[in-house]
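In what follows, a single structure is set out as structure tokens and then discussed.
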2 protein chains.
Amino acid sequence: MNLAEACRAVPFLRELGETERLRLEPHMRLRQVARSEAIWNTDDASRDFTFLVDGRVKLVKTNEGGRETIVELCRPGDLLCTSAVCAFAPYCCSSLALDGPVWVLTIPRRDIFDLIERGGAAALSWMVETSGREARLTGRIEQLSSGHVERRVAALLCDLAERAGTSASGGAGTWIPIQLTRQDLADLCGTTVETAIRVMTRLSREGVVRSAARGLVILNREKLLEIARSI
Amino acid sequence: MNLAEACRAVPFLRELGETERLRLEPHMRLRQVARSEAIWNTDDASRDFTFLVDGRVKLVKTNEGGRETIVELCRPGDLLCTSAVCAFAPYCCSSLALDGPVWVLTIPRRDIFDLIERGGAAALSWMVETSGREARLTGRIEQLSSGHVERRVAALLCDLAERAGTSASGGAGTWIPIQLTRQDLADLCGTTVETAIRVMTRLSREGVVRSAARGLVILNREKLLEIARSI
DNA sequence: GAAAGAACCTGACGCCCGTCATACGCTCCC
DNA sequence: GGGAGCGTATGACGGGCGTCAGGTTCTTTC
């Protein structure tokens with residue numbers, strides 16, 4: 001993976017004018033992150049803006065009792081959490097490579113601030129990029145707002161199907177190429193690993209989903225939507 | 001309420017240079033919104049960026065089964081939901097005045113895009129403003145991630161105390177000057193109105209909170225924090 | 001001041017869900 | 001090949017919670 005390929009994989013960078021890109025390139029750092037390795041940890045000083053070039057990353061908050069919440073599941077092309085970087089504050093979440101390998105590209109805060117300060121299409125692109133993230137976060141809040149775990153799981157899986165699903169080979173269902181443990185599902189849906197296991201086992205038994213190595217298949221997407229949308 | 005007062009009440013506008021402010025002022029619209037009236041509704045076309053000048057606004061998503069989620073409780077000075085405006089898309093949530101009167105100031109999308117495109121401190125301010133909102137939304141996701149309703153309610157009330165609380169007169173506890181119905185609490189915490197009522201009744205009985213007209217008092221903030229933080 | 005509607009409250013019931021314990025299978029490392 | 005650790009799974013249990021029904025209190029409007 002080289003810098004040119006990485007820039008092409010990230011919408012914000014792909015859309016930069018050549019002048020801006022050439023100005024930023026000396027400051028870009030591209031690195032590979034092993035599976036389960038952290039890109040940053042909670043309380044680390046923030047310094048760079050981070051783009052996800054390839055692979056999957058989860059952003060995790062941990063409360064003082066030790067309970068973990070996956071706040072966001074990021075996908076290739078995404079700009080990762082910016083609030084700490086903008087605020088010159090330590091990170092309030094961790095970011096972890098979900099499955100590997102993961103490639104990330106970082107650009108120092110100073111250089112992005114210079115870029116935005118110059119205005120132009122780059123500043124507008126940043127605005128649009130970060131407003132897209134806002135929409136996804138509000139969607140997550142809505143997903144989490146049902147009092148029934150099965151509905152929360154269904155809402156999450158529907159969203160993953162929408163955003164990352166492809167047709168399964170053999171034409172049966174929707175393939176989600178993301179390797180989530182039951183613990184990950186529990187952390188995404190605000191429940192315990194035992195309950196997440198029971199929900200997935202029940203959905204499998206009912207022929208709604210099928211777990212697989214390296215991802216899962218949604219066999220009955222309409223049923224899942226129906227579960228997610230019930231009051 | 002006039003335009004100058006409104007600009008002073010909104011951090012992003014207050015920090016604009018005079019040149020930029022003068023350029024924007026002809027396009028600003030300041031209006032009052034009655035209690036429970038919508039500023040916009042779901043599926044309305046988006047056109048303007050909206051700042052909350054005074055009062056409280058809730059942003060509500062409604063799923064197809066009719067269940068409502070309060071995605072965010074906005075406070076004076078906040079920039080309201082930008083994702084639809086940036087995406088030239090219809091709104092995917094409603095915004096409602098929580099108690100009245102509420103004052104909002106709108107600026108057409110075109111004019112803010114021009115402002116950001118020109119760069120400078122205004123573009124940087126926008127960046128910081130929207131990253132602050134991201135932090136609040138991820139905090140909301142963490143609040144919602146416990147499987148116990150009482151913990152979710154406690155987490156919400158602690159957050160409200162932090163962000164809007166003042167010392168109660170007579171020195172007893174923290175006064176939260178926000179008039180939330182039990183249904184509002186339920187919609188904020190992903191539960192039903194009956195359960196929200198039971199939780200608040202129990203917390204009142206235990207001397208942790210006291211409901212009042214136009215808001216509530218947190219009598220035992222440490223106890224509430226302990227509930228919120230338990231695993 | 002009365003009536004209507006909204007909001008708060010309580011009871012009963014059944015099931016969902018968290019908690020704790022335990023077992024099994026798979027992967028990785030020595 | 002065996003052991004350790006991780007991940008999936010199941011059982012038992014008690015309480016939390018959603019649902020439905022009905023009652024009380026408060027606020028608003030006429």
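Keep in mind it's a predicted model, so treat the numbers as computed, not measured. Numbered from 1 within each chain, the chains take letters A, B, ... in sequence-line order.
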Residues that Arg152(B) engages under side chain to side chain donor-acceptor pair (under 3.5 Å), provided they are two or more places apart:
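Once residues adjacent in sequence are excluded, Arg152(B) has no partner under the side chain to side chain donor-acceptor pair (under 3.5 Å) criterion.
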
Any pair counted as side-chain hydrogen bond (donor to acceptor under 3.5 Å, both in side chains), so long as it reaches [range], sequence neighbours left out:
range	result
residues 39-57 of chain A	Thr42(A)-Ser94(A)
residues 196-208 of chain B	Glu150(B)-Arg202(B)
residues 71-93 of chain B	Glu134(A)-Thr82(B), Glu134(A)-Ser83(B), Glu72(B)-Arg133(B)

More 5' along DNA chain D: Gly147(A) or Leu180(A), using each one's nearest nucleotide?
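In this pair, the answer is Leu180(A).
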
Stretch residues 189-208 of chain A: residues that reach within less than 4.0 Å of DNA chain C through a heavy atom:
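Those residues whose heavy atoms fall under 4.0 Å from DNA chain C, taken from residues 189-208 of chain A in numerical order, are Thr191(A), Thr192(A), Glu194(A), Thr195(A), Arg198(A).
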
List the residues meeting side chain to side chain contact (heavy atoms under 4.5 Å, CB included) with Glu162(A), not counting sequence neighbours, and say none if there are none.
Arg221(A)

Output all residues satisfying side chain to side chain contact (heavy atoms under 4.5 Å, CB included) with Pro177(A), sequence neighbours left out; order by chain, then residue number.
Trp175(A)

Residue list, salt bridge (charged side-chain N to carboxylate O under 4.0 Å, His left out) with Arg14(A), at least two apart or on another chain
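Arg14(A) satisfies salt bridge (charged side-chain N to carboxylate O under 4.0 Å, His left out) with no other residue.
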
Given the rule in the side chain to side chain contact (heavy atoms under 4.5 Å, CB included) test, do Val33(A) and Leu96(A) qualify, once you have shown the distances and angles that lead to the verdict?
CA-CA 9 Å; Val33(A) 187; Leu96(A) 300 165; over 6 Å; no

Any donor-acceptor pair under 3.5 Å from [X] side chain to [Y] backbone:
X	Y	result
Arg140(A)	Leu188(A)	yes
Glu5(A)	Asn2(A)	yes
Arg229(B)	Glu64(A)	no

Summary of salt bridge (charged side-chain N to carboxylate O under 4.0 Å, His left out) pairs that have at least one residue in residues 170-196 of chain A, sequence neighbours excluded
Lys58(A)-Asp184(A)

Outermost nucleotides of DNA chain D that come under 4.0 Å of a non-hydrogen atom of chain A:
dT8(D) to dT19(D)

Tell me which residues in residues 213-221 of chain B lie within less than 4.0 Å of DNA chain D, going by non-hydrogen atoms.
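Residues of residues 213-221 of chain B that come under 4.0 Å of DNA chain D do not exist, since none gets that close.
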
Collect all protein-nucleotide pairs involving nucleotides 4-7 of chain C in which both atoms are nitrogen or oxygen and the distance is under 3.5 Å.
none

